[in-house]
> 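My structure is below; once you've seen it, I'll send some questions.
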Amino acid sequence: MDRKRVFRFAPSPNGYLHLGHAYSALLDFDLARQCGGRFLLRIEDIDTGRARTGFEAAIHEDLAWLGLEWEAPVRRQSEHFDDYARALERLDDMGLLYACDCRRSDIARAAAAKPNWPHDPDGAPLYPGTCRDKPRRAAREVLMQGGVALRLDMRKAAALAGQGLSWREFGLGGVAADPAAWGDVVLARKDTPASYHIAVVVDDALQGVTDVVRGKDLFAATSLHRLLQCLLELPAPDYRHHDLVLDETGEKLSKSLASIALRALRAQGWTPADVRRRIGL
Ligand code: GLU
């Protein structure tokens, strides 16, 4: 049995990599090297409306410039929609999915009309469940229709998973998962037939990932990932959510800040050693 630990860096090719990505990638790579483990690159290009092959090529270039090496072949999520469809099908067979044709503006309006409307950890208003009790339709059929989303029935899903769902977090030990904080999340729609959440748990399991090392901005989403892992009977990796790299003003780096893209820094004469020094690795 292969007991090597498996780390992965999983960028979305919808912009150039910046110092924040460099932190995740280098930390993943260094940790894999330190324990004699494996390091994988995964291209998270399920959002085909935003992903660009040009950005994907740049990811390869920038990571190679940083001195990283990864295993071939690289998994590109857009080539594996069947794997995510199978997972959705399974949740559907368990009666956990429903079709929702509410528009984002309907939800925003409902939320604005009531004080103290609950919001998810990313700040979006929770879905009020308008479509939850409508007659059920098969997931496969729903995904053939534009403008309709497949949502997870969180109450049913959380009840099925039961109490005591948790994950192991570096530096913290066991963390209690709180998937209900996300409400009835969208897991698929016609134009994006798998959400990030479903694709990430399926891929981490299929690739045998043992250690998920990524930014703190995904800490809260881990509750949802643990719930999906539990429902789909997938193994739970260990997690390490690192601090985000901040810019000089203490603000979070963003892909839209082209000035701190790794390739812009490279053009200004930065070396990979300068990058490591700037991010403290
Ligand atoms: N694709 C995600 C991103 O670029 C990261 C996913 C993950 O590491 O779980 O933000």
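For ligands, and for the atoms within them, numbers begin at 1 and follow the listed sequence. Computed over heavy atoms, backbone and side chain alike; hydrogens, waters and symmetry mates excluded. The structure displayed is predicted, hence computed values, not measured ones. Position 1 is the first residue of the sequence; numbering continues from there.
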> Output the list of atoms in ligand 1 that are nearer than 4.0 Å to some heavy atom of Arg214, sorted by atom number.
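This gives 7 (C), 8 (O), 9 (O) as the contact atoms.
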> When the side chains of residues 140-150 are checked against the rest of the protein, which donor-acceptor pairs come out under 3.5 Å, sequence neighbours left out?
unit_1	atom_1	unit_2	atom_2	d
Arg140	NH2	Glu89	OE2	2.5
Gln145	OE1	Arg137	NH2	2.6

> Does His225 come within less than 4.0 Å of ligand 1, judged by its heavy atoms?
no
> I need the atoms of ligand 1 closer than 4.0 Å to a non-hydrogen atom of Glu44, numbered in the order shown.
1 (N), 2 (C), 5 (C), 6 (C)
> Determine whether the aromatic ring centres of residues Phe7 and Trp70 are separated by less than 6.0 angstrom.
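No, they do not, as the ring centres are separated by 6.0 Å or more.
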> Using the salt bridge (charged side-chain N to carboxylate O under 4.0 Å, His left out) rule, take Asp243 and Lys216 through it: C-alpha gap first, then chi angles, then the decisive distance, then the call.
CA-CA 6 Å; Asp243 285 337; Lys216 276 219 168 91; 2.4 Å; yes
> Would you list the pairs meeting ring pair (Phe, Tyr, Trp, His ring centres under 6.0 Å) in which at least one residue belongs to residues 94-123, sequence neighbours left out?
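Listed by first then second residue: nothing to list.
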> Find all atoms of ligand 1 within a distance of less than 4.0 Å from any non-hydrogen atom belonging to Tyr196, and give their numbers and elements.
6 (C), 7 (C), 9 (O)
> Of the listed options (Leu218, Asp28, Thr222), which comes nearest to atom 10 (O) of ligand 1 when hydrogens are ignored and any heavy atom counts?
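That would be Leu218.
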> Please identify which atoms of ligand 1 are closer than 4.0 Å to at least one heavy atom of Val200.
9 (O)
> Classify the ring geometry between His197 and His225 as parallel (under 30°), tilted (30 to 60°) or perpendicular (over 60°).
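Rings of His197 and His225: tilted, as their planes differ by 30° to 60°.
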> Please check this pair: side chain of Asn14 against backbone of Arg50, looking for a donor-acceptor N/O pair closer than 3.5 Å.
no
> For His21, which part has a heavy atom under 4.0 Å from ligand 1: side chain, backbone, both, or neither?
neither
